Novice: 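My questions all concern the structure below.
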Amino acid sequence: MLTSTQERIIEATAPVVAEHLTTITQHFYPLMFERYPEVAPLFNQTHQATGGQPRALASSVLAYVQLRKNPAQARHALETVVNKHVSLDIQPDQYPIVGECLMAAIGDVLGEAVTEEVADAWGALYQELADLLIDLESQRYREFAEAPGGWRGARSFRIADIRQESAVIRSFVLEPEDGQPVADFRPGQFIGVRLTIDDKPVYRHYSLSAFPNGRSYRISIKREADGVVSRHFHDVLNIGDRIELLPPAGDLTLPEEGHDPLMLLSGGVGQTPMLSLLRQALEQGRQVVYLHAALDEDHHAFGNDVQALARDYPDQLRVVTVYEQADDASHVDHIGRVDRELIARYLPAGAPHCYYVGPQGFMVAVDQILQFLGVPAERRHFEHFGPSRALEAA
């Protein structure tokens, strides 16, 4: 717990730290990787290069500073961080590394302004944040390990099946090597993946794209031209190969019970978490509009799966497909981009909840349109593939 003096120091210096926080976090990661190269595999280097990871860290620190005196709000604000940490199996002994390097980065950037008293106050603040995250993550690990089919740490799986879903998306069905059951997850969640490429460990997390079945998990991965891990999945791994999985996590989920109508909107590979959400919503008896945008027919994944659900639930599900380009309009509902007129046409009446995932530009546009159409923030739900960031136009 911070002393009253430390509280006053944090309050007085927070505006200065906030002003320079992006610079601090940009300095922090190279410093940490230089001092502790063993932690580098936990971080996607593409997100480092684009600045996404430093921005996400800065946003989390700022959110905690602003909300720490309201524990419930602080815990809610940190939920995304906890989910990503759980999918990476982050452990308590890694927090001192981050604390040491973060304080060094603050000192390097702010210089003489960081007196001994200021350093002590911000060090105590970091420890308070670390203790909260450790507590929340420990609870998650314990709950999952105690669930039927759960486990602690990494668990070995093998690739039992591979299916090409589109020109660029491939699904991998993963079964445990020990032959034992696997724990259920909440539809919409992702799972951590650990594998070795060129003798180096790498970590990623991918949405679980099939409904829980107690026997296996399915992930569906887009092949990215510059994606080290996605290219490894597409170009190297085969049926029978082994990977390790970490616990599922993520909060892009539906309440266990509910009757409000839903609109699920996705662009490209953003469809993957929507598939299990759709199945759950239909089983709950909800009315659902499922709108998916793809480049063209060759890039449209899971079309047959969704149409099969439409046949099974004809009175609940309306499927809308949008291709950016198409030679044959008979295979698609709309050609072009998702815009205000299109969403307004299909937005369900009755205060729907809207879930959307896709490229940043897609989510920015959808969020702005839904806001314009009167969908309140608490009914707009989205998730980023990678570090979280604000839905604001670049």
Side-chain angles (χ1 to χ4, degrees), residues 56 59 62-63 66-67 70 72-73 76-77 79-80 83 186-189 207 250-294 306 309-310 313-324 332-385 388-394:
S59 297
L62 282 178
Q66 294 164 357
L67 297 174
N70 186 321
Q73 288 187 15
H76 178 74
E79 194 67 22
T80 299
N83 284 319
R186 295 187 66 186
Q189 290 190 312
S207 294
D251 56 5
L252 189 75
T253 56
L254 298 180
E256 294 298 328
E257 297 180 359
H259 303 286
D260 294 335
L262 294 182
M263 189 173 193
L264 305 178
L265 306 99
S266 56
V269 75
Q271 189 175 196
T272 51
M274 300 299 178
L275 298 168
S276 57
L277 286 175
L278 173 61
R279 171 85 173 271
Q280 181 186 20
L282 294 172
E283 292 188 358
Q284 289 177 341
R286 294 174 182 257
Q287 297 292 318
V288 183
V289 172
Y290 190 91
L291 188 155
H292 178 63
V306 174
L309 287 173
Y313 297 89
D315 298 327
Q316 291 177 239
L317 174 59
R318 182 169 191 177
V319 178
V320 182
T321 305
V322 183
Y323 291 165
E324 188 172 330
V332 65
D333 298 301
H334 299 277
I335 300 174
R337 298 286 186 107
V338 175
D339 57 21
R340 183 188 304 172
E341 179 183 355
L342 184 64
I343 292 179
R345 184 185 309 177
Y346 295 106
L347 185 68
H353 281 269
C354 299
Y355 290 71
Y356 39 105
V357 179
Q360 176 75 359
F362 172 87
M363 292 202 295
V364 168
V366 169
D367 190 68
Q368 292 175 346
I369 291 168
L370 292 175
Q371 184 177 20
F372 178 85
L373 295 175
V375 179
E378 63 270 18
R379 289 178 176 265
R380 305 197 308 266
H381 313 275
F382 59 89
E383 181 178 72
H384 292 277
F385 290 160
S388 297
R389 45 184 165 159
L391 282 189
E392 53 191 24

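Computed from a prediction, not measured in an experiment: that's the story for all the values here. Numbering starts at 1 and runs along the sequence shown.
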Novice: How far does CG of L342 sit from CZ of R337, to the nearest 0.5 angstrom?
Specialist: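 It is 13.0 Å, given to the nearest 0.5 Å.
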Novice: What's the shortest heavy-atom distance between G250 and N83, and which atoms?
Specialist: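 Result for this residue pair: N-OD1, 3.0 Å.
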Novice: Flag the pair L254 / P187 as yes when at least one side-chain heavy-atom distance between them is below 4.5 Å, and no otherwise.
Specialist: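 No, too far: nothing below the 4.5 Å cut-off.
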Novice: Within this structure, what is the CD1-CZ distance for the pair I369 and R380, rounded to the nearest 0.5 Å?
Specialist: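 The CD1 atom of I369 sits 11.5 Å away from the CZ atom of R380.
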Novice: Take V306 and L275 through the test side chain to side chain contact (heavy atoms under 4.5 Å, CB included) and record every step on the way to the result.
Specialist: CA-CA 8 Å; V306 174; L275 298 168; 4.0 Å; yes
Novice: Run L317 and L278 through side chain to side chain contact (heavy atoms under 4.5 Å, CB included) and show every step you take.
Specialist: CA-CA 9 Å; L317 174 59; L278 173 61; 3.7 Å; yes
Novice: My understanding is that only residues two or more places apart in sequence, or in another chain, count here; which of them pass side-chain hydrogen bond (donor to acceptor under 3.5 Å, both in side chains) with Q284?
Specialist: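 Counting only residues at least two positions away or on another chain, Q284 forms a side-chain hydrogen bond (donor to acceptor under 3.5 Å, both in side chains) with R286.
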Novice: Within a reach of under 6.0 Å around CD of E341, are more than 12 heavy atoms found that belong to other residues, nucleotides or ligands?
Specialist: no
Novice: State whether the side chain of Q287 and the backbone N or O of P261 hold a donor-acceptor pair below 3.5 Å, judged by distance alone.
Specialist: no
Novice: Tell me if the CZ atom of R318 is crowded by more than 12 foreign heavy atoms within 6.0 Å.
Specialist: no
Novice: Please enumerate all residues that pass side-chain hydrogen bond (donor to acceptor under 3.5 Å, both in side chains) together with S266, with sequence neighbours excluded.
Specialist: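 For S266, the residues satisfying side-chain hydrogen bond (donor to acceptor under 3.5 Å, both in side chains) (neighbours in sequence not counted) are H292.
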Novice: Just verifying a value: how many Å separate Y356 OH and M363 CE, rounded to the nearest 0.5 Å?
Specialist: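 Going from OH on Y356 over to CE on M363, the span is 8.5 Å.
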Novice: Name all residues meeting the ring-ring contact (aromatic ring centres under 6.0 Å, His included) criterion together with H334; count only those two or more places apart in sequence or in a different chain, and write none if there are none.
Specialist: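 By the ring-ring contact (aromatic ring centres under 6.0 Å, His included) rule, H334 matches Y346.
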Novice: Taking all non-hydrogen atoms of both residues into account, name the closest pair between A293 and F362 and its distance.
Specialist: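 Heavy atoms of A293 and F362 come nearest at CB-CE1, 4.3 Å.
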Novice: I need the L67 CG to H76 NE2 distance, nearest 0.5 Å.
Specialist: 9.5 Å
Novice: What's the separation between atom NE2 in H353 and atom CG in D260, rounded to the nearest 0.5 Å?
Specialist: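 So the gap between those two atoms works out to 4.5 Å.
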Novice: So, the side chain of D333 versus the backbone of V322: is there a donor-acceptor pair under 3.5 Å, distance only?
Specialist: no
Novice: Ignoring hydrogens and geometry beyond distance, is a side-chain donor-acceptor pair present between Y290 and Q271 at under 3.5 Å?
Specialist: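 The criterion, which ignores hydrogens and geometry beyond distance, is satisfied for Q271 and Y290.
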Novice: Quick check: do T80 and D251 have side-chain heavy atoms less than 4.5 Å from each other?
Specialist: yes
Novice: If the test is side-chain contact (heavy atoms from CB on, under 4.5 Å), which one of L370, L262, I343, L373 qualifies with C354?
Specialist: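 Result: among L370, L262, I343, L373, L370 is the only option passing the side-chain contact (heavy atoms from CB on, under 4.5 Å) with C354.
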Novice: Once rounded to the nearest 0.5 Å, what's the spacing between atom NE2 of H381 and atom OG1 of T253?
Specialist: 9.0 Å
Novice: Which atom pair, heavy atoms only, marks the closest approach of S276 to G188?
Specialist: OG-N, 3.1 Å
Novice: Determine, step by step, whether L277 and L252 satisfy the side chain to side chain contact (heavy atoms under 4.5 Å, CB included) criterion, reporting the C-alpha distance in whole Å, the side-chain angles of both residues, the deciding distance to 0.1 Å, and the verdict.
Specialist: CA-CA 9 Å; L277 286 175; L252 189 75; 4.3 Å; yes
